[in-house]
Number of protein chains: 2
Amino acid sequence: MRIGELAKATGTKAETIRYYEREGILPAADRRDSNYRDYSDNHLAALTFVRRARQLGFSMAQVRELLALSNHEDNPCQDVDRLVQLQLTEVERKIADLNALRDELGQMLRSCQADKIGECQIIGSLGRQSVM
Amino acid sequence: MRIGELAKATGTKAETIRYYEREGILPAADRRDSNYRDYSDNHLAALTFVRRARQLGFSMAQVRELLALSNHEDNPCQDVDRLVQLQLTEVERKIADLNALRDELGQMLRSCQADKIGECQIIGSLGRQSVM
DNA sequence: CTTGACCTTGTAGTTGCTACAAGGTGCATA
DNA sequence: TATGCACCTTGTAGCAACTACAAGGTCAAG
Ligand SMILES: [Zn+2]
Ligand SMILES: [Zn+2]
Ligand SMILES: [Zn+2]
Ligand SMILES: [Zn+2]
């Protein structure tokens, strides 16, 4: 398949696929006489893997690790678990941060009964140090 | 105060402060004979405002808007409210996304009882299209 | 007078793409 | 056959919001 088809099949822009190839995240494709890239089902599987990992919030570096791990079938699962656990912890931290943010923004919204910015509690609270 | 003191007082790197000045987010500081920047309490207040807004997840562009609004004391609060409401909505969307991520990562972790990567459910599930 | 902490400017790197520009290819249609 | 159009190629530059140098100037302490 050509890059456009692979792009459509995976919901990835062609430019992103080329970028992955440049970065060594995806193996280089075969070339036709026209010099067009020619992808196999293996590439489709690999790109699906990469995109899914990225959607799950793994960094490019982590994706590289996951790819390396997935190529060593005889290795223990533990290494993969570690990465997933790490990512889970990170996501939970972000959720906690965002919950705190949401609360603060909500309080700001409720706090201001003024209608001129001169007395606006929101503007006022931006100028104060956070207690967080 | 010199840039280092302002940096310490606000938990901002000196380089970031210079960056804000370049970007017009902060007014330029006075200069001493040495050409060192010299900051006033007004700068401290302004930088505190900026940092707080950034911590709350506002983009630089939004910070610019907030700053512009805060300089028009006679304007209605509504404009500020709108920005805060927008940011609140955005934060809530991110929380929802991350909750979904957390669930998926949790399921992945629980799904794998294998101990060799060859049979790893986690690696397997990365290769499959997400249903989300 | 030297050391060391601090400051200056300018430039380049970070992450993960995304957006051109300038040109080549391949296929349908007039 | 020509020509249009969608698709492909490479290379380079841009995005956000910093961050990290490098090469040099300033200032107070010892
Ligand atoms: Zn192996
Ligand atoms: Zn208000
Ligand atoms: Zn006004
Ligand atoms: Zn496993």
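Any value given below was found using the heavy atoms of this structure, including those in side chains, with hydrogens, waters and symmetry copies removed. By convention in this document, chain letters (A, B, ...) are assigned in the order of the sequence lines, proteins followed by strands, and residues within each chain are numbered from 1.
- Hydrophobic clustering keeps Tyr36(A) apart from Leu44(A) (ILVMFWY residues linked when any side-chain heavy atoms are closer than 4.5 Å, directly or through intermediates).
- Within 3.5 Å, no donor on the side chain of Glu5(B) pairs with an acceptor on the base of dC6(C), nor the reverse.
- Atoms CZ (Arg32(B)) and P (dC27(D)) sit 9 Å apart, rounded to a whole Å.
- With salt bridges taken as basic N to acidic carboxylate O contacts below 4.0 Å, one links Arg52(A) and Glu104(B).
- Between Ala61(A) and Lys8(B), the one whose closest nucleotide on DNA chain C sits nearer the 5' end is Lys8(B).
- Rounded to whole angstrom, the span from the CD1 atom of Ile17(B) across to the P atom of dC6(C) amounts to 14 Å.
- Nearest approach of Ala28(A) to His43(A), heavy atoms of both residues: O-NE2, 3.4 Å.
- Ser34(B) has no side-chain polar atom (N or O) that falls below the 4.0 Å cut-off from OP1 or OP2 of dT8(C).
- Remark: C1' of dA17(D) and CD of Glu23(B) are 9 Å apart, rounded to the nearest angstrom.
- Under 4.0 Å is where a charged nitrogen must lie from a carboxylate oxygen, and between Glu5(B) and Lys8(B) no such pair does.
- Spacing between atom CD of Glu21(B) and atom P of dA17(D) amounts to 19 Å, rounded to whole angstrom units.
- Applying the 4.0 Å criterion to OP1 and OP2 of dT9(D), one finds that Arg22(A) has every side-chain N and O outside that range.
- Nucleotide dT25(C) holds its P atom 16 Å from the CG atom of Asp38(A), rounded to whole Å.
- Note on Arg18(A): a base of the nucleic acid sits closer than 4.0 angstrom, heavy atoms only.
- Nearer to the 5' terminus of DNA chain C, by closest-nucleotide assignment, is the contact made by Ile3(B) (compared with the other of Ser59(A) and Ile3(B)).
- Between Thr16(A) and the phosphate of dT18(C), there is a side-chain N or O to OP1/OP2 separation shorter than 4.0 Å.
- Here Arg37(A) does not reach the OP1 or OP2 of dC8(D): none of its side-chain N or O atoms lies under 4.0 Å away.
- Following rounding to the nearest Å, Arg64(B) (CZ) and dA17(D) (P) show an atom-to-atom distance of 9 Å.
- The listed nucleotides are dC17(C), dA17(D), dT9(D); the one nearest the side chain of Tyr19(B) is dA17(D).
- Considering only side-chain N and O atoms, Lys13(A) lies nowhere under 4.0 angstrom from the phosphate OP1 or OP2 of dG16(C).
- Taking only side-chain nitrogens and oxygens, Arg2(B) never comes nearer than 4.0 Å to OP1 or OP2 of dT26(D).
- One cannot find a donor-acceptor pair under 3.5 Å joining the base of dC8(D) and the side-chain atoms of Glu15(A).
- Following rounding to the nearest Å, Tyr39(B) (OH) and dC6(C) (P) show an atom-to-atom distance of 16 Å.
- Nearest to the side-chain atoms of Tyr20(A) among the listed nucleotides dC6(C), dC17(C), dT9(D) stands dC17(C).
- One can place OH of Tyr36(B) at 13 Å from P of dA5(C), the figure rounded to the nearest angstrom.
- Listed here is the closest heavy atom pair of Gln55(B) and Leu101(A): O-CD2, 3.5 Å.
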Please report the C-alpha distance between Arg51(B) and Thr12(B) in whole Å, then the side-chain angles of each, then the deciding distance to 0.1 Å, and finally whether the side chain to side chain donor-acceptor pair (under 3.5 Å) criterion is met. CA-CA 8 Å; Arg51(B) 291 302 282 179; Thr12(B) 312; 3.3 Å; yes
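- Considering only the side chain of Met60(B), dA17(D) comes nearest among dT9(D), dA17(D), dT19(D).
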